[in-house]
Amino acid sequence: MCKGLASLPTCCLERAKELKARLGSILQIHNWNLSCCKIGKNKPTLEECLRWKESFEKLLSSKYGLCAFTAFLMSEFSEENIAFYFACEEYKNTKCPAKLAAKAKKIYDEFIGSEAPREINIDHETRDITKANMTTPTPSCFDMAQHKIYMLMAKDCYPRFLRSPAYRDLMCQAKPSTKARNPPQQEKKA
């Protein structure tokens, strides 16, 4: 290690390594934003892409919509929001109560704690309430933080996604529905 790096605090070096690893993985998948959404014949239809404009919930409930939105968040370096949201959804569906504490700690350490590698942007009050909820984890201990992140994505990220070149490109490349490709034959009058 060079002498300059040795003088930095350990936490800075660890954070730098983490950022390098995250950026490296993003650089390796440089064109992931659309490639995951148009694999062969399985790209979304134009109608499906248009439904995403109807509501944030419709976007998230679509396999391709979620893929495109996640890619968009990655391009903005904010994919931790969608990752946290779905980690909470999975956590709430935990069947075995004995596993709640370990799963809660993992989510907290990854997204909320002071040294979280994928720290989400929530206010101090929400962070404190969530930390207090960690003393006795329940399926709803992340609800407040999850709601804040959902609203952040719905009010901020989602409108930007709909205005993005990535979304416009998807609309242009979307395949027409089968109805549009095979219009019904009109009967000839005798």
Side-chain angles (χ1 to χ4, degrees), residues 1 5 8-33 35-37 39 52 55-158 160-161 166:
M1 186 178 325
L5 288 177
L8 289 173
T10 306
C11 64
C12 291
L13 293 174
E14 289 171 5
R15 189 79 170 164
K17 286 179 191 176
E18 172 206 321
L19 288 172
K20 180 182 175 189
R22 286 181 73 190
L23 286 173
S25 65
I26 290 169
L27 292 174
Q28 289 173 3
I29 52 174
H30 62 284
N31 201 18
W32 184 79
N33 58 342
S35 63
C36 70
C37 301
I39 300 168
W52 301 344
S55 74
F56 184 52
E57 193 57 42
K58 286 187 180 182
L59 173 73
L60 292 184
S61 65
S62 162
K63 172 181 151 185
Y64 296 111
L66 177 59
C67 173
F69 185 65
T70 301
F72 172 75
L73 291 177
M74 288 181 74
S75 74
E76 293 201 331
F77 300 97
S78 61
E79 76 280 356
E80 68 278 355
N81 294 323
I82 197 77
F84 173 73
Y85 177 81
F86 280 106
C88 291
E89 286 297 297
E90 183 182 322
Y91 172 77
K92 285 192 268 190
N93 293 321
T94 301
K95 302 287 186 228
C96 179
K99 293 182 179 181
L100 282 178
K103 285 185 174 188
K105 181 176 176 9
K106 182 178 179 188
I107 291 170
Y108 185 86
D109 290 347
E110 185 172 353
F111 298 105
I112 298 173
S114 60
E115 298 294 321
R118 298 170 78 186
E119 187 175 359
I120 56 171
N121 185 11
I122 53 175
D123 59 89
H124 195 352
E125 180 184 1
T126 303
R127 191 174 307 277
D128 289 346
I129 290 170
T130 305
K131 185 176 183 176
N133 290 344
M134 294 298 295
T135 57
T136 52
T138 65
S140 62
C141 69
F142 293 108
D143 283 359
M144 184 183 219
Q146 184 186 24
H147 177 72
K148 298 270 184 174
I149 291 301
Y150 180 89
M151 294 309 294
L152 172 74
M153 290 189 298
K155 302 275 187 223
D156 183 48
C157 304
Y158 172 62
R160 279 199 326 273
F161 167 72

| request: For Y150, check ring-ring contact (aromatic ring centres under 6.0 Å, His included) against everything at least two apart and list the hits. | output: F56, Y85
| remark: Taken in chain and number order and not counting sequence neighbours, the residues that satisfy side chain to side chain contact (heavy atoms under 4.5 Å, CB included) with S62 are E48, W52, Y64
| query | Which is it for K148 and E125 under the side-chain contact (heavy atoms from CB on, under 4.5 Å) test, yes or no, and what are the steps along the way? | reply | CA-CA 11 Å; K148 298 270 184 174; E125 180 184 1; over 6 Å; no
| Heavy-atom closest contact (T126 atom, I122 atom, distance) | CG2-CD1, 4.1 Å
| task | Can you see which heavy atom on L73 is nearest to which on M153, and at what distance? | result | CD1-SD, 4.2 Å
| said: Please report the interatomic distance CD1(I149) to CD(E80), rounded to the nearest 0.5 Å. | reply: 7.5 Å
| request: Please round to the nearest 0.5 Å and tell me the distance separating atom OG of S78 and atom CG of D156. | output: 8.5 Å
Partners of [X] by salt bridge (Lys or Arg N to Asp or Glu O under 4.0 Å), sequence neighbours excluded?
X: D128; answer: none
X: K58; answer: E54
X: K106; answer: none

| request: Can you run down the ring pair (Phe, Tyr, Trp, His ring centres under 6.0 Å) pairs that involve residues 93-131, sequence neighbours left out, and say none if there aren't any? | output: F84-F111
| query | Is there side-chain contact between I112 and I120, with heavy atoms separated by less than 4.5 Å? | reply | yes
